[in-house]
Amino acid sequence: MNDWFRRIAEHASAWLGSSTTFTSAVGLVLLWLVTGPLFGWSDTWQLAMNTVTSVLAFLMVFLIQNTQNRDTRAVLLKLDELLRANREARTSLVHLEELTDAELDALAEEFRRVRRGEVG
């Protein structure tokens with residue numbers, strides 16, 4: 001099931017993120033606006049567009065989150081490999097995403113001091 005969803009999400013993300021899909025969406029909105037007078041700007045006419053956009057936005061949230069989760073995981077693994085390969089790097093930094101906000105703030109302050117030359 002996970003592999004099936006991953007493949008679907010990858011294909012959908014590539015298709016939905018294309019300029020063709022964006023142009024089609026703009027065309028659909030323009031078509032909706034043009035048909036407004038034909039339907040007398042009725043509540044049903046408005047409800048149709050609101051329903052379609054709400055359902056699509058709802059589904060896109062899950063698609064975008066899945067894609068971001070995969071991309072983030074891949075980037076973290078690449079960074080972990082770079083840390084592992086560099087003899088001078090602190091491998092204790094491999095799992096920073098598991099630290100608390102306070103621990104991350106303290107580490108960020110340490111790196112600010114390093115940039116300012118306060119720490120050797």
Side-chain angles (χ1 to χ4, degrees):
M1 178 72 169
N2 285 341
D3 191 51
W4 173 83
F5 182 71
R6 179 191 57 77
R7 286 194 319 261
I8 295 295
E10 285 176 358
H11 290 297
S13 180
W15 179 70
L16 292 168
S18 71
S19 60
T20 302
T21 304
F22 176 77
T23 304
S24 298
V26 170
L28 181 62
V29 170
L30 292 175
L31 178 65
W32 175 72
L33 288 171
V34 168
T35 60
L38 297 174
F39 293 100
W41 307 101
S42 70
D43 289 342
T44 303
W45 169 80
Q46 291 179 30
L47 182 62
M49 187 61 162
N50 288 340
T51 302
V52 168
T53 56
S54 294
V55 168
L56 290 176
F58 177 76
L59 295 174
M60 288 299 294
V61 166
F62 296 103
L63 180 69
I64 291 167
Q65 188 63 52
N66 176 268
T67 303
Q68 282 187 325
N69 288 348
R70 289 184 47 73
D71 289 348
T72 299
R73 186 171 184 212
V75 168
L76 289 175
L77 290 169
K78 290 175 185 181
L79 290 172
D80 290 350
E81 174 61 14
L82 290 174
L83 284 172
R84 187 195 63 75
N86 185 341
R87 294 183 197 274
E88 295 178 25
R90 290 182 286 178
T91 56
S92 62
L93 300 179
V94 168
H95 295 290
L96 288 178
E97 65 275 9
E98 297 172 8
L99 297 180
T100 66
D101 286 342
E103 291 169 326
L104 289 173
D105 290 343
L107 191 57
E109 180 56 34
E110 178 184 338
F111 281 113
R112 277 192 285 280
R113 288 193 310 270
V114 168
R115 282 193 306 270
R116 290 190 300 251
E118 296 173 12
V119 176

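Along the sequence shown, residues carry numbers from 1.
Both V94 and F111 are members of a single hydrophobic cluster when ILVMFWY side chains are connected at heavy-atom separations under 4.5 Å. Cluster annotation: W32 and L38 are assigned to the same hydrophobic cluster (Ile/Leu/Val/Met/Phe/Trp/Tyr, side-chain heavy-atom contacts under 4.5 Å, transitive). Linking Ile, Leu, Val, Met, Phe, Trp and Tyr whenever their side-chain heavy atoms come within less than 4.5 Å puts L16 and I64 in one cluster. Using a 4.5 Å cut-off between side-chain heavy atoms of Ile, Leu, Val, Met, Phe, Trp and Tyr, with links allowed through other members, L28 and V55 fall into different hydrophobic clusters.
With hydrogens and angles left out, the side-chain atoms of E10 and S13 include no donor and acceptor closer than 3.5 Å. Checked by atom type, the side-chain pair S18/T21 shows a donor-acceptor distance below 3.5 Å. No donor-acceptor contact under 3.5 angstrom links the side chains of Q46 and N50, judged on distance only.
Side-chain contact between L31 and T35: present, with at least one pair of heavy atoms (C-beta onward) separated by less than 4.5 Å. Between D3 and R7 the shortest side-chain heavy-atom distance falls below 4.5 Å. The closest side-chain heavy-atom distance from F5 to N66 is below 4.5 Å. Residues K78 and E81 fail the side-chain proximity criterion, which asks for heavy atoms closer than 4.5 Å. L82 places none of its side-chain heavy atoms less than 4.5 Å from the side chain of N86. Two residues are said to be in side-chain contact when any heavy atoms from C-beta on lie closer than 4.5 Å; L99 and L96 meet this criterion.
The number of heavy-atom neighbours closer than 6.0 Å to CH2 of W41, taken from other residues, nucleotides and ligands shown, is above 12. Within a 6.0 Å sphere centred on CZ of R6, heavy atoms belonging to other residues, nucleotides or ligands number more than 12.
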Decide side chain to side chain contact (heavy atoms under 4.5 Å, CB included) for E118 and R112; before the verdict, give the C-alpha distance in whole Å, the side-chain angles of both, and the deciding distance to 0.1 Å. CA-CA 9 Å; E118 296 173 12; R112 277 192 285 280; over 6 Å; no
Decide side chain to side chain contact (heavy atoms under 4.5 Å, CB included) for V26 and V29; before the verdict, give the C-alpha distance in whole Å, the side-chain angles of both, and the deciding distance to 0.1 Å. CA-CA 5 Å; V26 170; V29 170; 5.8 Å; no
Pair L107, L93 - check side chain to side chain contact (heavy atoms under 4.5 Å, CB included), show working. CA-CA 10 Å; L107 191 57; L93 300 179; 3.6 Å; yes
Determine, step by step, whether E109 and R116 satisfy the salt bridge (Lys or Arg N to Asp or Glu O under 4.0 Å) criterion, reporting the C-alpha distance in whole Å, the side-chain angles of both residues, the deciding distance to 0.1 Å, and the verdict. CA-CA 11 Å; E109 180 56 34; R116 290 190 300 251; 3.4 Å; yes
Apply the test side chain to side chain contact (heavy atoms under 4.5 Å, CB included) to residues L56 and V52: give CA-CA distance (whole Å), side-chain angles for both, the deciding distance (0.1 Å), then the verdict. CA-CA 6 Å; L56 290 176; V52 168; 3.9 Å; yes
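Interatomic distance, L104 CG to E97 CD, rounded to the nearest 0.5 Å: 9.5 Å. To the nearest 0.5 Å, the span separating CG on D101 from CD on E103 amounts to 9.5 Å. Separating the CZ atom in R84 from the CG atom in L77 is a distance of 12.0 Å, to the nearest 0.5 Å.
When atom types are taken as modelled, the side chain of W45 and the backbone of L33 share no donor-acceptor pair closer than 3.5 angstrom.
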